[in-house]
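Below: the structure, in structure tokens.
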Amino acid sequence: MIKIWSMKKDTENGAKKKPKTSAAQLRVQKDITELELPSTMSTHFPNPADLLNFELIIKPDEGMYKGGAFKFTFNISNNYPHEAPKVKLTQKIYHPNLDHQGNVCLNILREDWKPVLNLNAVVVGLQYLFLEPNAEDPLNKDAAKDLLADRNQFKAWVRSSMSGRPVKGEPYDNVMA
């Protein structure tokens with residue numbers, strides 16, 4: 001027979017209590033185990049005990065950004081999945097949907113976020129930004145204008161900026177893998 005009262009008494013007398021796992025932590029744990037990352041992506045957990053803060057590295061193998069390595073930080077609040085994760089790019093790159101502070105223009109991270117979405121949806125959305133930059137909904141309006149005005153010139157500036165060379169006097173980080 002289990003002695004419930006004595007077990008309770010033991011925990012009150014100094015036995016360590018296991019910290020409660022939040023609903024957000026449980027959901028993130030589920031989302032991470034269901035992530036379907038292609039070989040062009042990887043995750044890194046600076047603190048393996050903290051699933052709510054991690055990094056995603058994307059290395060596109062096609063498109064204008066092929067050959068680059070782009071590191072995003074994910075900061076997930078305890079209100080997840082009711083609140084979208086905060087995602088930032090750690091490098092400064094020339095892209096219409098990423099500003100110079102690393103903010104990401106992706107509709108599912110803003111107005112179109114719904115609790116049924118998961119981390120896999122965000123990862124796919126980020127990957128798509130490198131395959132098809134969207135000049136119609138930009139954060140970097142100059143890059144968007146350049147993409148709409150002359151796609152070939154835009155591609156040349158992307159290649160140059162990825163090597164750390166300035167574009168139109170603006171310096172960029174070298175992101176070549």
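- Linking Ile, Leu, Val, Met, Phe, Trp and Tyr whenever their side-chain heavy atoms come within less than 4.5 Å leaves Leu148 and Phe154 in two separate clusters.
- Met176 and Tyr65 fall within the same hydrophobic cluster, where Ile, Leu, Val, Met, Phe, Trp and Tyr residues are linked whenever their side-chain heavy atoms come under 4.5 Å apart, directly or through other members.
- In this structure, the side chains of Tyr94 and Asp142 stay at 4.5 Å or more apart for every pair of heavy atoms.
- The distance from atom CH2 of Trp157 to atom NZ of Lys168, rounded to the nearest 0.5 Å, is 4.5 Å.
- Taken together through direct or relayed side-chain contacts under 4.5 Å among Ile, Leu, Val, Met, Phe, Trp and Tyr, Leu131 and Leu98 form parts of separate hydrophobic clusters.
- In this structure, Glu36 places its CD atom where only 12 or fewer heavy-atom neighbours from other residues, nucleotides or ligands lie under 6.0 Å away.
- With hydrogens and angles disregarded, no donor-acceptor distance shorter than 3.5 Å links the side chain of Trp113 to the backbone of Pro85.
- Rounding to the nearest 0.5 Å gives a distance of 3.5 Å between CG of Leu119 and OH of Tyr80.
- Side-chain atoms of Asp146 and Gln153, non-hydrogen and from C-beta on, never get closer than 4.5 Å to each other.
- No donor-acceptor distance shorter than 3.5 angstrom exists from the side chain of His100 to the backbone of Glu170, with no hydrogens or angles considered.
- Shortest non-hydrogen contact noted between Lys71 and Leu89 is O-CD1, 3.3 Å.
- Both Leu129 and Leu37 are assigned to one and the same hydrophobic cluster, defined by single-linkage of ILVMFWY side chains at heavy-atom distances under 4.5 Å.
- Looking at residues two or more places apart in sequence or on another chain, you find a side chain to side chain contact (heavy atoms under 4.5 Å, CB included) between Leu51 and Val28, Gln29, Ile32, Phe45.
- Within a 6.0 Å radius of NZ in Lys92, other residues, nucleotides and ligands contribute more than 12 heavy atoms.
- Asn97 places a side-chain N or O within 3.5 Å of a backbone atom of Asp137 that can act as its donor or acceptor partner.
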Please step through side chain to side chain contact (heavy atoms under 4.5 Å, CB included) for the pair Leu117 and Asp112, ending with a clear verdict.
-> CA-CA 10 Å; Leu117 293 172; Asp112 290 340; 5.9 Å; no
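- The nearest pair of heavy atoms linking Met162 to Gly67 is CE-C, 4.1 Å.
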Test side chain to side chain donor-acceptor pair (under 3.5 Å) applied to Asp50 and Asn53, step by step = CA-CA 6 Å; Asp50 182 7; Asn53 294 285; 2.8 Å; yes
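- Under a cut-off of 6.0 angstrom, the local environment of NZ in Lys145 is sparse, with at most 12 non-hydrogen atoms contributed by other residues, nucleotides or ligands.
- When all heavy atoms of Ile108 and Ala121 are compared, the pair lying nearest together is CD1-O, 3.4 Å.
- Ring geometry, Phe70 versus Phe130: the interplanar angle falls under 30°, so the pair is classed parallel (tilted spans 30 to 60°).
- Here the closest heavy-atom approach between residue Ser160 and residue Pro166 is recorded as OG-O, 4.2 Å.
- The only member of Asn103, Asn75, Val104 that meets side chain to side chain contact (heavy atoms under 4.5 Å, CB included) when paired with Lys88 is Asn103.
- Without hydrogens or angle criteria, Asn118 side chain to Asn120 main chain gives a donor-acceptor distance under 3.5 Å.
- For the atom pair SG of Cys105 and CZ of Arg110, the computed distance is 4.0 Å after rounding to the nearest 0.5 Å.
- Across every non-hydrogen atom of Ala143 and His95, the tightest pair is CB-C, 3.9 Å.
- To the nearest 0.5 angstrom, Leu147 atom CG is 9.0 Å from Glu136 atom CD.
- Put simply, the side chain of Ser163 never gets that close to the backbone of Arg165: no donor and acceptor are under 3.5 Å apart.
- Both Val167 and Ile93 sit in one connected hydrophobic cluster of ILVMFWY residues. Membership requires side-chain heavy atoms under 4.5 Å apart, directly or through other members.
- The two atoms that bring Gln127 and Ile58 nearest to each other are N-CD1, 4.1 Å, heavy atoms only.
- With rounding to the nearest 0.5 Å, the separation of CZ in Arg151 from CE in Met64 is 3.5 Å.
- Contact check for Lys20 versus Ser22: no side-chain heavy atoms found under the 4.5 Å cut-off.
- Taking CZ from Phe72 and CD from Gln91, the interatomic distance works out to 8.0 Å, rounded to the nearest 0.5 Å.
- Val122 has its side chain within reach of Phe74: a pair of non-hydrogen atoms, C-beta onward, lies under 4.5 Å apart.
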